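The analysis underlying the following values was restricted to heavy atoms, covering all of them including side chains, and did not include hydrogens, waters or symmetry mates. Quick caveat: nothing in here was measured; it's all calculated off a predicted structure. Starting from 1, each residue takes its place in the sequence as its number.
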Amino acid sequence: MFPSVVFKSGNNGPAVLGGAEGGPSDPSGLGPLGGQTLPRLDIWTMDRDLSDDDSVVDLSFEAESPLAPPAELLETLPSCDWVLQGDRHQIFFPPSETTGRPQEQRCWSSFLEHRVPVVTEEVAREALLSFVNSKCCYGSAAASDLVILELKQQNLCRYRLETFSESRISEWTFQPFTNHSVDGPQRGTSPRLWDIKVQVPPMFQEDTRRFQVPHSSLVKECHKCHGRGRYKCSGCHGAGTARCSSCSGAKRKAKSARRCQMCSGSGRRRCSTCSGRGNKTCATCKGEKKLLHFIQLVIAWKNSLFEFVSEHQLDFPGELLAKARGETLFKDENTTVYPIVDFPLREISLASRRGISEHSAALASRARVLQQRQTLELIPLTEVRYWYQGKTDVYYIYGTDRQVYLVDYPERYCCGCTII
């Protein structure tokens, strides 16, 4: 048994057994199973005969799910998979089985010399003309006639670290029991969460999957209808009829001697909630009277991202640099990567060290790192200062695909244009 375990549940939903962040949510809106049958192994049949009493229980409200799973279900779980941390439960994770290799030394200076793209006046004008031609209300005459005064070029570096990790939590859940085979604790002890083998998705592709934990199933009487399969309608309290909404039960229209046509003068109408039956099928067990309780394993594969762009002295928006195309200078992928050292821009070396440290600290207590990948890209950025019709202004060329950022183009044919 687990006397220190705290369970939290909502109305007719699963109670979370453990895991940081409370576990992934179910975006399908179909409940803890998402409307699908979970994979399960080594099933056996349990012929447990519960009550066959078909009487209707008087339940005029929506009952909540029990606050904790059946005690018999907890006895099947390995105790060392959960430890108490404050008011939540945290799963401890096994260390990675392999380690990365130390970062090899590189001669970065000579490596960068041959990769710096040069932007000439001709290249700058062609980039502007291409940008102008993509805009419906820009004229090309200004782009052709303006005088380029100065080209100020900077080469920025963008460091990106991706960490692909796997986290596992367990959730207690239930579903209507339809007399199918049950994989219960009599079959054996449930494996530890990290002993369950699953197929890992392609690296750096996020995914969430749910699996039924072997030997964790248990059949119990439905807690909502007490094994009867249905309950008294809350709309008519079992009568099958409700007060007529048209005449409010008076049998006649207000300020009129005429008989109410909606209820034929009876003052009552067939209950719309239960269609006149007086009872409703239990929404929890779907009329099956029994529930199959079990533990499901929720595995989430997540890709954490750290990104840093070296500083520049130009009046250029940083969000465009994050999306700009760059030339890959360096790429390293392994179970564990090491910080880049001795790079000509010290801020890149510091960012590499900071990113690896942040990911390690954030994931150490809640996930297992499967793979890391770090890349270093060169992003060209050029400020073009030009003169046109007595005014001086600037535009920018950025990225290896030579995108243009321009605040105020001098030849526009319509008002209200927004430069993107």
Review point. To the nearest 0.5 Å, how far apart are CD in Q372 and OG1 in T163?
Key: 4.0 Å
Exercise for review: Give the minimum heavy-atom separation between C157 and L345, together with the two atoms involved.
Suggested key: SG-CD1, 4.1 Å
Review point. Which atom pair, heavy atoms only, marks the closest approach of H215 to T189?
Key: CD2-O, 3.5 Å
**Study point:** Aromatic ring pairing F204/F164, orientation class (parallel under 30°, perpendicular over 60°, tilted between)
**Key:** tilted
Practice item. Using a cut-off of 6.0 Å, state whether more than 12 heavy atoms not belonging to D315 lie near its atom CG. Key: no
**Study point:** Side-chain (R209) to main-chain (Q199) donor-acceptor, under 3.5 angstrom
**Key:** yes
Check your understanding: Would you say the side chain of Y338 lies within less than 4.5 Å of the side chain of Q374, judging by non-hydrogen atoms?
Key -> no
Practice item. Using a 4.5 Å cut-off on heavy atoms from C-beta on, say whether the side chain of S217 contacts that of Q212. Key: yes
Exercise for review: With rounding to the nearest 0.5 Å, note down the distance linking CG in L329 to CG in N155.
Suggested key: 9.5 Å
Practice item. Please tell me if the side chains of C282 and K224 come closer than 4.5 Å, counting only heavy atoms from C-beta onward. Key: yes
**Study point:** Verdict with supporting geometry, S352 and I356, side-chain contact (heavy atoms from CB on, under 4.5 Å)
**Key:** CA-CA 6 Å; S352 174; I356 293 174; 4.2 Å; yes
Check your understanding: Are L320 and Y396 close enough that some pair of their side-chain heavy atoms sits under 4.5 Å apart?
Key -> no
Check your understanding: Which value, rounded to the nearest 0.5 Å, describes the distance between N303 atom CG and E162 atom CD?
Key -> 5.0 Å
**Study point:** Heavy-atom pair with the smallest gap, counting every atom of N334 and V337
**Key:** N-CG1, 4.0 Å
**Study point:** Considering all heavy atoms, the nearest A142-Y409 contact
**Key:** CB-OH, 3.5 Å
Point to revise | Residues I295, S190; criterion side-chain contact (heavy atoms from CB on, under 4.5 Å); working and verdict | key: CA-CA 10 Å; I295 303 298; S190 296; over 6 Å; no
Check your understanding: Which residues pass the side chain to side chain donor-acceptor pair (under 3.5 Å) test with E307, sequence neighbours left out?
Key -> R160
Exercise for review: Report yes if the side chains of F294 and T173 come closer than 4.5 Å at any heavy-atom pair, otherwise no.
Suggested key: yes
Practice item. List the steps and the verdict of side-chain contact (heavy atoms from CB on, under 4.5 Å) for Q371 and T335. Key: CA-CA 4 Å; Q371 194 83 347; T335 304; 4.0 Å; yes
Point to revise | Nearest heavy atoms of A351 and F306, plus distance in Å | key: O-CE2, 3.3 Å
Check your understanding: So, do K289 and E221 sit near enough that their side-chain heavy atoms are less than 4.5 Å apart?
Key -> no
Check your understanding: Would you call S349 and V341 a side-chain contact if the rule is heavy atoms closer than 4.5 Å?
Key -> no
**Study point:** Closest heavy-atom pair and its distance - H223, H226
**Key:** O-CE1, 3.9 Å
Exercise for review: Enter the distance from R158:CZ to K323:NZ here, rounded to the nearest 0.5 Å.
Suggested key: 12.0 Å
Review point. Can you tell me how far the CD atom of E383 sits from the CD atom of Q154, to the nearest 0.5 Å?
Key: 8.5 Å
Study note, to complete from the structure: Between the SG atom in C222 and the NZ atom in K290, the distance rounded to the nearest 0.5 Å is 12.5 Å
Practice item. Begin from the C-alpha positions of I196 and F211 and carry the test side-chain contact (heavy atoms from CB on, under 4.5 Å) through to its verdict. Key: CA-CA 10 Å; I196 300 176; F211 303 89; 5.6 Å; no
Check your understanding: Does atom CD of E311 have more than 12 heavy-atom neighbours from other groups under 6.0 Å away?
Key -> no
Practice item. Could I get the full list of side chain to side chain donor-acceptor pair (under 3.5 Å) partners for E358, not counting sequence neighbours? Key: none
Check your understanding: Judged by atom type as modelled, is there a donor-acceptor pair below 3.5 Å linking the side chain of R168 to the main-chain atoms of L193?
Key -> yes
Point to revise | Heavy-atom donor-acceptor pair, R125 side chain to A143 backbone, under 3.5 Å | key: yes
**Study point:** Close side-chain approach of I397 and Q403, heavy atoms under 4.5 Å
**Key:** no
Exercise for review: Check whether any side-chain N or O of S130 sits under 3.5 Å from a backbone N or O of A127 as a donor-acceptor pair, and report yes or no.
Suggested key: no
**Study point:** side chain to side chain donor-acceptor pair (under 3.5 Å) involving T178 - partner list, sequence neighbours excluded
**Key:** H180
Practice item. Indicate the ring-plane relationship of W172 and F174, choosing parallel, tilted or perpendicular according to the 30° and 60° boundaries. Key: tilted
